[in-house]
Each structure stands twice: as C-alpha cells, then as structure tokens.
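Following: one structure in structure tokens, then a few remarks.
None of these values were measured; they are calculated from a predicted model.
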Amino acid sequence: MDYYGKRVATASSDCTIKITGVSNSGGSQQLATLTGHRGPVWQVAWAHPKFGSLLASCSYDGQIIIWKEGNQNEWTQANVFTDHKVSVNSIAWAPHELGLSLACGASDGNISVFTARADGGWDTTKIDQAHPVGVTSVVGTSDRTRCARQLRYARAVYKLASGGCDNAVKMDCFPALHKHKDWVRDVAWAPNLGLPKSTIASGSEDGSVIIWTVGKEGEQWEGKVLKDFKTPVWRVTWSMTGNLLAVSDGNNNVTVWKEAVDGEWEQVTVVEP
C-alpha cells in the first residue's frame, strides 16, 4: 500500500509488478503493469512521497529496480542496480528523515545500501557476509546513539536488522541472536514512539514468532516466543503505533496480536482463509 492508501503494488513470480488503485467503497482498478525483471519478483516497496512517486523492486534475477512515475500511471526504470549476482530477497527503504536510502539483502549473504546523492547519483555501502548462507529479510530504523558498527546517512545513524538462512537475527551493533531453529523469514522493527526500549519481531520457518527487546544501548537483547504456530511464518508487520503485530503463516491465516499489561501477548483477531 502506498503512503496515502490509494494504490497497492504487488510482486509476482510471473516477473511483473502490478499497481492497482483502491477506493474506500471496496472497488479496485488496475493502473499499470511494470515489466523488466527476468525472474520472480520477491518484494516491492514504496518510497516516501517527499521523494516523488518511486517504487523499488527486487528479484530472483539479481536486479534491484527503482521505478519512477512521470505522467500519471506512466512508469520508467529510473535506476537498475546489479551489485548482487544472485537472488535479491528483501528490500526496505530507510525512514524518510534519513534521506533516500534502500537496504537490500541477497542470497550471496551480503546486504547493500544504496543512498541517493544530491547530484542524482547513488552511493553504495555493503555489509559483507551479514548472513553467510543467505539474507532473507532486512529492515531499517533511525537512531542517534553511537555503536561499534554504524551506517551514517543525513547526519543520523541508520540501524539495520536482518534475518537469514543461518537461523539468526542480527542488528548492526549487536551480536547475532539465536533462538530460531530454521530460516528466519521476516524481521520487523517496531515504531519507537519515545519509549525507552527497542523491539523487533521475527518470524521463522520453524513456526515461531519471537519478540526481541532491549532497554538501552549496551544491554543484551532478550527474546520471548510469542507463539509456535506449528507452520512456517512468512511475514510479521507492526502497526503504525507499534502496539499491534500482524502475523501471516503457512496455514493461510493472518492473526493480529497485542501485548497485555502483564507482558504476555494475546491474539485479538484472526483472518481466516
């Protein structure tokens, strides 16, 4: 869904991206089909509208494409990055206050970050072998604390979380977190609305969702199992306020969870197949 909730971009194994307009009445209209990838398209991500109408995509073909809308519903390839020679599995734009930066995780185990310059070019930063057997998910947030490893953009610190085929969750500044027993399929950094702690959710092929929290810089991350779904967990997504977590699993269910006052997580709704 785009920033204004008016358009949905979808990625498909048919190598295309479709953009569909949606309305409050429940109607929809196909607006555009984007072609250019030579393999299944795994993810798409809208940039913040302060940078214009931009959409990023990543594919099994190793390409990351930045699509730009000129005239309404007319899209062109503004940039194509081919730094990875294998499948690029996950992309995520940085928070807009950090500038136009895109993190990408690939099956080569590396994470690359492409950052737009004022002259129209792009700078590239790499984290080599972040997950040596493959990166499955990346997500970023902003932070102004100091750490041992950091990526600086727009005078702020860009902190990355990632999951991989090594069953681990990693952050820029901290050692790997090991509680999952199979591939980590998705990680999601909870919005921090002035709270003293940081929170990350991770979902895994092993069926578990883990909530990771840390109080402040220098402390150890603690992991708590939200639930064992007994089936692979594909995606975890926080609400804008960070108090609700949506989970999609291999049984075609989407469940929504909320933390209770006693710190336990409870299911508040379920979307059946």
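- Using modelled atom types, one finds no donor on one side chain facing an acceptor on the other under 3.5 Å when comparing Asn167 with His180.
- Of all non-hydrogen atoms in Ala92 and Val138, the two that sit nearest each other are CB-O, 3.5 Å.
- Taking the side-chain contact (heavy atoms from CB on, under 4.5 Å) definition, one finds that Thr241 meets it with Leu193, Ser239, Asn243, sequence neighbours left out.
- With Ser204 contributing its side chain and Ser208 its backbone, the two residues share no donor-acceptor pair below 3.5 Å.
- With sequence neighbours left out, Arg235 forms a salt bridge (Lys or Arg N to Asp or Glu O under 4.0 Å) with Asp186.
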For residues 14-22, which side-chain N or O atoms pair as donor and acceptor with protein atoms under 3.5 Å away, sequence neighbours left out?
| from | atom 1 | to | atom 2 | distance (Å) |
| --- | --- | --- | --- | --- |
| Asp14 | OD1 | Ser12 | OG | 3.1 |
| Asp14 | OD1 | Thr16 | N | 3.0 |
| Asp14 | OD1 | Thr16 | OG1 | 2.7 |
| Asp14 | OD2 | Thr16 | OG1 | 3.3 |
| Lys18 | NZ | Thr33 | OG1 | 3.3 |

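- Screening residues 109-123 for salt bridge (Lys or Arg N to Asp or Glu O under 4.0 Å) gives Arg117-Asp119, Arg117-Asp123 as the qualifying pairs, with residues at least two apart or on separate chains.
- Residues passing the side-chain contact (heavy atoms from CB on, under 4.5 Å) test with Ala47, sequence neighbours excluded: Leu54, Trp93, Leu100.
- Atom NE2 of His84 sits about 10.5 Å away from atom CZ of Phe81, to the nearest 0.5 Å.
- Between Tyr60 and Trp42, the angle of the ring planes goes over 60°, which puts this pair in the perpendicular group of the 30/60° scheme.
- Ala188 is linked by a side-chain contact (heavy atoms from CB on, under 4.5 Å) to Val236, Trp238, counting only residues two or more places apart in sequence or in another chain.
- Remark: the backbone N or O of Val184 is paired with a side-chain donor or acceptor of Thr136 at under 3.5 angstrom.
- For Thr115 and Trp122, the side-chain atoms include no donor-acceptor pair closer than 3.5 Å.
- Environment of NZ in Lys227: crowded, with over 12 heavy atoms of neighbouring residues, nucleotides or ligands closer than 6.0 Å.
- For Asp182, there are no salt bridge (Lys or Arg N to Asp or Glu O under 4.0 Å) partners, not counting sequence neighbours.
- Contact between Met1 and Trp46 at its shortest, heavy atoms only, is O-CD1, 3.4 Å.
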Side-chain polar contacts of residues 258-269 - donor-acceptor pairs under 3.5 angstrom, sequence neighbours left out - could you list them?
| from | atom 1 | to | atom 2 | distance (Å) |
| --- | --- | --- | --- | --- |
| Asp262 | OD1 | Glu264 | N | 3.0 |
| Glu264 | OE2 | Lys224 | NZ | 3.0 |

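- Every residue two or more places apart in sequence or in another chain that forms a side-chain contact (heavy atoms from CB on, under 4.5 Å) with Ser59 is listed here: His37, Asp61.
- For Asp206, the salt bridge (Lys or Arg N to Asp or Glu O under 4.0 Å) criterion is met by no residue, not counting sequence neighbours.
- Judged as a salt bridge (Lys or Arg N to Asp or Glu O under 4.0 Å), not a single pair has a partner in residues 71-89 (not counting sequence neighbours).
- Other cluster members for Val133: none, since no ILVMFWY side-chain heavy atom sits under 4.5 Å from it.
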